[in-house]
Amino acid sequence: NAGVTQTPKFRVLKTGQSMTLLCAQDMNHEYMYWYRQDPGMGLRLIHYSVGEGTTAKGEVPDGYNVSRLKKQNFLLGLESAAPSQTSVYFCASSLFSEGYTFGSGTRLTVV
Amino acid sequence: DQQVKQNSPSLSVQEGRISILNCDYTNSMFDYFLWYKKYPAEGPTFLISISSIKDKNEDGRFTVFLNKSAKHLSLHIVPSQPGDSAVYFCAASAAQGAQKLVFGQGTRLTINP
């Protein structure tokens, strides 16, 4: 029972580089989310999806894109990384009426 | 514009005593509230929740209280144990369920032996 799996766990990028973070869940959840955690800011919603093929913007979407081509996967892309995107990224999934199940996070550093 | 606020970044409590973590919110549309617990290098895990139609929910050592008029909720842990040392996040939703959660900044709880 893997739950929510995020890859990679750590990554260092140079400014301007691109990368994709992968989130996979095996619980058949409809809803999936990407959050970032920064000191003193808590968890802020970047993008989310209410089902396969759908995505929507959250609180801090600028500089990120997402795709949900398969129900079990939710990808977060950074087209041109900036130092301000240094953060810990968490993916989560849920059913409508239950709390989230989070992945263990991806620590991203942009230099 | 922080809609969910945890004004205490840290809290230190003696083992066996009560831990009280507080959370305030500003959006009157929030109708579902949750607490998450996070250990270092792990994702947050769901702890307890409460709907706006209730003012108290209890699960073992954990109790959440909701005061809608004050837009305030609190998490009580009794008795506190060393394994409770973690960061606790308050979260709220206006979607009649646990969707599009808005999180507070977190409170780091340390339980001292």
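Below, chain A is the first sequence line, B the second, and so on; all start at residue 1. Here the structure is a predicted model, which means the values were calculated and not measured. FYI, side chains are in, hydrogens and waters are out, and symmetry mates aren't considered; it's all heavy atoms of this structure.
With hydrogens and angles left out, the side-chain atoms of A:Ser67 and A:Asn65 include no donor and acceptor closer than 3.5 Å.
Only the backbone of B:Ala41 comes within contact range of chain A, with heavy atoms under 4.5 Å apart. Using a 4.5 Å cut-off between heavy atoms, A:Glu59 does not touch chain B at all. Looking at A:Leu43, both its backbone and its side chain come within 4.5 Å of chain B, counting heavy atoms on both sides. The contact between B:Gln2 and chain A is made entirely by side chain atoms (from C-beta outward), counting heavy-atom distances below 4.5 Å.
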- [ ] Please test B:Asp84 against B:Phe62 for side chain to side chain contact (heavy atoms under 4.5 Å, CB included), starting from the C-alpha separation and ending with a verdict.
- [x] CA-CA 11 Å; B:Asp84 295 330; B:Phe62 302 91; 4.0 Å; yes
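Within 6.0 Å of the CZ atom in A:Arg107, the count of heavy atoms belonging to other residues, nucleotides or ligands does not exceed 12. Counting heavy-atom neighbours within 6.0 Å of B:Arg17 CZ, excluding the residue itself, gives a total of 12 or less.
Heavy-atom pairs under 4.5 Å with chain A were tallied for B:Pro44, B:Gly43, B:Cys90, B:Gly106; the largest tally goes to B:Pro44. Contact count against chain B (heavy-atom pairs under 4.5 Å) is highest for A:Gln37 among A:Gln37, A:Gln6, A:Arg44.
Just one of B:Tyr32, B:Trp35, B:Tyr36 meets the side chain to side chain donor-acceptor pair (under 3.5 Å) condition when paired with B:Ser49; it is B:Tyr32.
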